[in-house]
Chemist: 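Let me give you the structure first, and then I'll get to my questions.
Both ligands and their constituent atoms are indexed starting at 1 by order of listing.
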Amino acid sequence: MLEKPFGENLADAQRLNRLLADLVPEDAVFRVDHFLAMSTVENILGVRLANRVLEPLWNSTHIAAVDIVWDERLTLEGRAGYYDGAGALKDMVQNHLLQLLCLVAMEPPVSLGERDLRDRKLDVLRTIRPFTAADVARRTRRGRYLAGRIGDRDVPAYAAEDGVDPDRRTETFAQLELELDSWRWSGTTFRLRTGKALGSDRMEVAVRFRPVPHLPFGHDGEVRPNVLRFGLAPEDMTLDLTGTGSTARTFAPVRLAARMPPPDLPPYGRVLLDALTGDPALSIRGDEAEESWRVVEPVLAGWSADTIPLYEYPAGSDGPVP
Ligand SMILES: O=P(O)(O)OC[C@H]1O[C@@H](O)[C@H](O)[C@@H](O)[C@@H]1O
């Protein structure tokens, strides 16, 4: 069993994979991503594929954007030894958020067996358009938190935390806008965002549908585009629709909401059980790990060469405002 990071970059991940391949077969390697064992995450596939109403709309003709967000109030929490060498991009985006993207964007797999599921996730990673230097400037943002207050807690600046080397300029906030080159998704924007020491927890996948093509009501009431949200913590699901209002010729927002049943096991428990029973379906295959590095490497290169600013945001705020 291996916990992330699976290498520090693509070449490193390839070396690690070769080393592992010399020792054991791939299906005996468990690269852990506990996000895949969250019940909501599995539920993304359930909602898509066990229903009639969504999958026909699950493409760029109907979906304008998908926001995959892991904003947390948690700060460094004494993890400088690991985190200061990683940063938000390697800690969250290269693994957890790209895996969530895979589940949202994948083609329906033939089965949820390890091969079908992981082949289809790999397809998604391979369709992510490579970042050019201009894309890094236009489509990525990074930030680092300053001192502030979160709830009733005073939080020191990241750079002043024990064990942090301020000169490394490690980011605690990362945002990437991705495009997928495929028939299904060309034209939909996928935004991945994560940050520490933010004012509120927001962990969700929000699927934003396009506006309706025509309103035949003869008045200009506001119709907000539909949004389907998979909440990751707490684990729930909401669908924002538009209904008619109480007065004539008005619209009103309608929200359908459901709480997910609590899972039998916490995510790490599920991951351990899968390893003990020898089921690698929810573990990251070597080629997925490599492909995820391929996606983030140009961003890492641009950021370490300081081609974009490292914005600062007060702890307890909504993140950097450029
Ligand atoms: O809330 P969970 O399940 O611990 O997941 C979030 C955490 O996931 C971990 O993998 C990251 O290293 C942390 O930085 C992050 O806070």
Chemist: Salt bridge between Arg142 and Asp306, side-chain N to carboxylate O under 4.0 Å?
Modeler: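 Yes.
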Chemist: If you count the non-hydrogen atoms of other residues, nucleotides and ligands that lie under 6.0 Å from CZ in Arg224, is the total more than 12?
Modeler: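 It does not: Arg224 CZ has 12 such atoms or fewer within range.
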Chemist: Between atom CG of Asp181 and atom CZ of Arg126, what is the distance when rounded to the nearest 0.5 Å?
Modeler: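 One gets 12.0 Å once the value is rounded to the nearest 0.5 Å.
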Chemist: Do any nitrogen or oxygen atoms of ligand 1 lie under 3.5 Å from a protein nitrogen or oxygen, and which ones?
Modeler:
unit_1: ligand 1; atom_1: 3 (O); unit_2: His34; atom_2: NE2; d: 2.8
unit_1: ligand 1; atom_1: 5 (O); unit_2: His34; atom_2: NE2; d: 3.2
unit_1: ligand 1; atom_1: 10 (O); unit_2: Lys4; atom_2: NZ; d: 2.5
unit_1: ligand 1; atom_1: 10 (O); unit_2: His96; atom_2: NE2; d: 2.7
unit_1: ligand 1; atom_1: 12 (O); unit_2: Lys4; atom_2: NZ; d: 3.1
unit_1: ligand 1; atom_1: 12 (O); unit_2: Arg79; atom_2: NH2; d: 2.8
unit_1: ligand 1; atom_1: 12 (O); unit_2: Asp91; atom_2: OD1; d: 2.6
unit_1: ligand 1; atom_1: 12 (O); unit_2: Asp91; atom_2: OD2; d: 3.4
unit_1: ligand 1; atom_1: 14 (O); unit_2: Arg79; atom_2: NH1; d: 3.0
unit_1: ligand 1; atom_1: 14 (O); unit_2: Asp91; atom_2: OD2; d: 2.6
unit_1: ligand 1; atom_1: 14 (O); unit_2: Lys196; atom_2: NZ; d: 2.8
unit_1: ligand 1; atom_1: 16 (O); unit_2: Glu72; atom_2: OE1; d: 3.0
unit_1: ligand 1; atom_1: 16 (O); unit_2: Glu72; atom_2: OE2; d: 3.0
unit_1: ligand 1; atom_1: 16 (O); unit_2: Lys196; atom_2: NZ; d: 3.4

Chemist: Just jot down the ring pair (Phe, Tyr, Trp, His ring centres under 6.0 Å) partners of Phe6, sequence neighbours excluded, or say none.
Modeler: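 Once residues adjacent in sequence are excluded, Phe6 has no partner under the ring pair (Phe, Tyr, Trp, His ring centres under 6.0 Å) criterion.
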Chemist: Start with the C-alpha gap between Glu114 and Glu26, add the side-chain angles, then the distance that decides, and say whether side-chain contact (heavy atoms from CB on, under 4.5 Å) holds.
Modeler: CA-CA 11 Å; Glu114 61 85 14; Glu26 176 62 33; over 6 Å; no
Chemist: Can you confirm whether Leu103 sits close enough to Val205 that some side-chain heavy atom of one is under 4.5 Å from a side-chain heavy atom of the other?
Modeler: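 No - every pair of side-chain heavy atoms lies 4.5 Å or more apart.
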